[in-house]
There are 2 protein chains.
Amino acid sequence: MLYRRIAADLKRGVATGEFGERSRFPSENELAARYGASRGTIRRAFAMLREEGVLASRQGARRVVVGSQVQDFTELRSFSAWARSTGSTPDARLVGFERRPALADEAAALDVAKGDPVWLMTRVRLLDGRAVMVERTAFPDGIGSLLTDDDARAGSVTTILESRGITFDRAEHALSAMAATAADARLLGVRPGRPLLRTVRRTTDPSGAAVEYSDDRYLGDVVSFSVVNSVSANPLSRRTH
Amino acid sequence: MLYRRIAADLKRGVATGEFGERSRFPSENELAARYGASRGTIRRAFAMLREEGVLASRQGARRVVVGSQVQDFTELRSFSAWARSTGSTPDARLVGFERRPALADEAAALDVAKGDPVWLMTRVRLLDGRAVMVERTAFPDGIGSLLTDDDARAGSVTTILESRGITFDRAEHALSAMAATAADARLLGVRPGRPLLRTVRRTTDPSGAAVEYSDDRYLGDVVSFSVVNSVSANPLSRRTH
DNA sequence: GAGTGGTCTAGACCACTTG
DNA sequence: AAGTGGTCTAGACCACTCT
């Protein structure tokens, strides 16, 4: 756990400006001495910062700070956590929450047979009182049945599930643009055809089992998603439809 | 370089189906013996596969294959390389290529002063003869002047720049949705207002210097971008406008 | 030439999963 | 209880950058 503490400490240093953008970072040996850790542990911490796009390195030269804004994994999946981290007030309006047979795409994403029961939750998400996103989330039966209608009406289903022992470990997001359907338009209070940013997300737990599958549609002018991407770490990909 | 060879070899094993999706992976000790490497080197190879979203791991249990489609970094920045990897034929129609003073956003992204000369290249990109994207790329003066009009007319400017010694190391992409402007609509042959997937990309070389800044707008129903994302590796983030 | 990051090894102990 | 991944150490050699 030492390398995590060190990484967090260094990240804090970047965030507070102790290590400014473009500035040269302390060397591995220097930090090893400062933290009383081996060089390997320092490098492990650096690997985290590199994956997150904070540091860049070249053989022979000191590391350089290349980015300072970082987002937590929870904030990425949870609309509520994300909104609060930006200083906005999130809210949710429950449109529907029902148990019904899985459609083909839901079944495939959740690894159940077509027609097996799944839970479908439809909500409109608000930012400071303004409707900005329509969320349609499917849960496997075992997970959806942990949730009540009141849970779905509360803001963060993510937090509730985590408090009930569900662990989120990994997510695949597919981002595309689409025109608002009649239903989307009605829920968001805009005209049909309005550009929406669509993200289809499949989230799994540490064993690789699916825990949710969600189709979220944001007003195009409200949010953007950003990705950092390098020769060595390369999580983004592009697909034709 | 050993760990890269091992990672590539294992990735090939996943791609060919030797290690199927969801299947348990060989243990670290087993692979260390097989490749004649230390456990640390095997773990280094595993780290690459994890970053790319191929493997998931839990303490105490064997690793599991969780994803098998992987994309090369070049294919992500280069429309041409990407198109060819999917079996489509890419093309480019040059709309404009000029040297002119940088606007505020271009200057900020390329780390030059506002008004300093930059090169701006505007192209329509085609997939199997169909216009699918408008690309507006700004280059710093030193890089843009390596390119001729003929280069800009040729498909892959990325490849040309790499052959002239420019190294691409890292990119930040911001993805959002927007309505086609009048100019976009004319270039793409669609109606204004049509939903477009917009990606604004800033690419840097290994020292962190900006090499290009591009605003690409795809027809919304043609491509999607996908991102893999986990508790430990977390390159995606979300922003309000 | 000194400093720095990149790679690799060998061994240790721990926490967790699995049979 | 055995196997497996997670963490950490100490030391080595190399390739590259810097001044």
Side-chain angles (χ1 to χ4, degrees), chain A residues 1-10 19 22-51 53-66 73 165 167 169-170 204-209 230-233, chain B residues 1-10 19 22-51 53-66 165 167 169-170 204-209 230-234:
Chain A
M1 306 307 289
L2 180 54
Y3 77 89
R4 289 178 188 277
R5 286 217 321 271
I6 294 174
D9 198 46
L10 296 175
F19 310 118
R22 314 264 144 185
S23 77
R24 291 165 72 237
F25 223 69
S27 75
E28 297 178 355
N29 285 323
E30 190 178 333
L31 290 173
R34 182 189 306 178
Y35 287 105
S38 75
R39 194 178 152 219
T41 300
I42 300 297
R43 285 182 63 81
R44 188 74 184 76
F46 276 149
M48 289 190 75
L49 298 190
R50 159 141 213 181
E51 280 176 27
V54 175
L55 289 180
S57 63
R58 292 145 61 213
Q59 191 172 32
R62 286 283 184 92
R63 284 181 174 76
V64 175
V65 180
V66 292
F73 180 65
T167 312
D169 180 68
R170 181 173 175 279
T204 52
D205 69 14
S207 73
S230 73
V231 169
S232 65
Chain B
M1 306 308 292
L2 181 53
Y3 76 88
R4 288 175 189 278
R5 288 217 320 272
I6 294 174
D9 197 48
L10 295 175
F19 310 117
R22 313 266 141 183
S23 77
R24 291 166 72 236
F25 223 69
S27 75
E28 297 177 356
N29 285 323
E30 190 178 334
L31 290 172
R34 182 188 307 177
Y35 287 104
S38 75
R39 195 179 151 218
T41 301
I42 301 297
R43 285 182 64 81
R44 187 75 184 75
F46 276 150
M48 289 190 75
L49 299 190
R50 160 142 212 182
E51 278 177 30
V54 175
L55 289 180
S57 63
R58 291 146 62 212
Q59 190 172 33
R62 286 283 185 93
R63 284 181 175 76
V64 177
V65 180
V66 292
T167 312
D169 180 69
R170 182 172 173 278
T204 52
D205 69 13
S207 73
S230 72
V231 169
S232 65
N234 186 28

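What's counted below: heavy atoms across the whole structure, side chains too, no hydrogens, waters or symmetry copies. Order of the sequence lines sets the chain letters (A, B, ...), proteins ahead of strands, with each chain counted from 1.
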In this structure, how many angstroms lie between the [atom2] atom of [N] and the [atom1] atom of [X], rounded?
| X | N | atom1 | atom2 | value |
| --- | --- | --- | --- | --- |
| I6(A) | dG6(D) | CD1 | P | 19 Å |
| I42(B) | dT7(C) | CD1 | C1' | 14 Å |
| R44(B) | dG6(D) | CZ | P | 15 Å |
| L55(A) | dT4(C) | CG | P | 16 Å |
| N29(A) | dG5(C) | CG | P | 8 Å |
| E28(B) | dT9(C) | CD | P | 14 Å |
| L31(A) | dG3(C) | CG | C1' | 15 Å |
| L2(B) | dA12(D) | CG | P | 21 Å |

- Query: Do R4(A) and dG6(D) have a side chain to base donor-acceptor pair shorter than 3.5 Å?
  - Reply: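 No, the side chain and the base share no sub-3.5 Å donor-acceptor pair.
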Search all heavy atoms of [X] against all heavy atoms of [Y] and return the closest pair with its distance.
| X | Y | answer |
| --- | --- | --- |
| Y3(B) | T41(B) | CB-O, 3.7 Å |
| A7(B) | L49(B) | O-CD2, 3.9 Å |
| R63(A) | L55(A) | CD-CD1, 3.9 Å |

- Item | Inter-end axis angle, the helix from dG1(C)-dC18(D) to dT18(C)-dA1(D), with every axis fitted to five base pairs (rounded, 10 degrees) |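 Its terminal axes enclose an angle near 10°.
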- Query: Closer to the 5' end of DNA chain D via nearest nucleotide, is it Q59(A) or G40(A)?
  - Reply: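 Closer to the 5' end of DNA chain D: G40(A).
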Distance test, side-chain N/O of [X] to OP1/OP2 of [N], below 4.0 Å:
| X | N | answer |
| --- | --- | --- |
| Y3(A) | dC8(D) | no |
| R63(B) | dG6(D) | yes |
| R62(B) | dT18(C) | no |
| T41(B) | dT9(C) | yes |

- Query: Is L10(B) close to F46(B) at the side-chain level, that is, under 4.5 Å between some pair of heavy atoms?
  - Reply: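 Touching, per the 4.5 Å side-chain cut-off.
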So what does [X] hit on the nucleic acid, given a heavy-atom distance under 4.0 Å: a base, only sugar-phosphate, or nothing?
| X | answer |
| --- | --- |
| R43(B) | base |
| R39(B) | base |
| F46(A) | nothing |

Closest to the [X] side chain: [options]?
| X | options | result |
| --- | --- | --- |
| A37(B) | dT4(D), dT9(C), dG5(C) | dT9(C) |
| R58(A) | dT17(D), dG5(D), dG6(C) | dT17(D) |
| S38(A) | dC8(D), dC16(D), dT18(C) | dC8(D) |

- Task: Please round to the nearest 0.5 Å and tell me the distance separating atom CZ of R62(A) and atom OG of S57(A).
- Result: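 Reported value, rounded in 0.5 Å steps: 13.0 Å.
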- Go through the steps for M1(B) and R5(B) under the test side-chain contact (heavy atoms from CB on, under 4.5 Å), then give the verdict. CA-CA 7 Å; M1(B) 306 308 292; R5(B) 288 217 320 272; 5.5 Å; no
- Query: In terms of the angle between their ring planes, are F25(A) and F19(A) parallel, tilted or perpendicular, with boundaries placed at 30° and 60°?
  - Reply: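 Tilted, since the angle between the ring planes falls between 30° and 60°.
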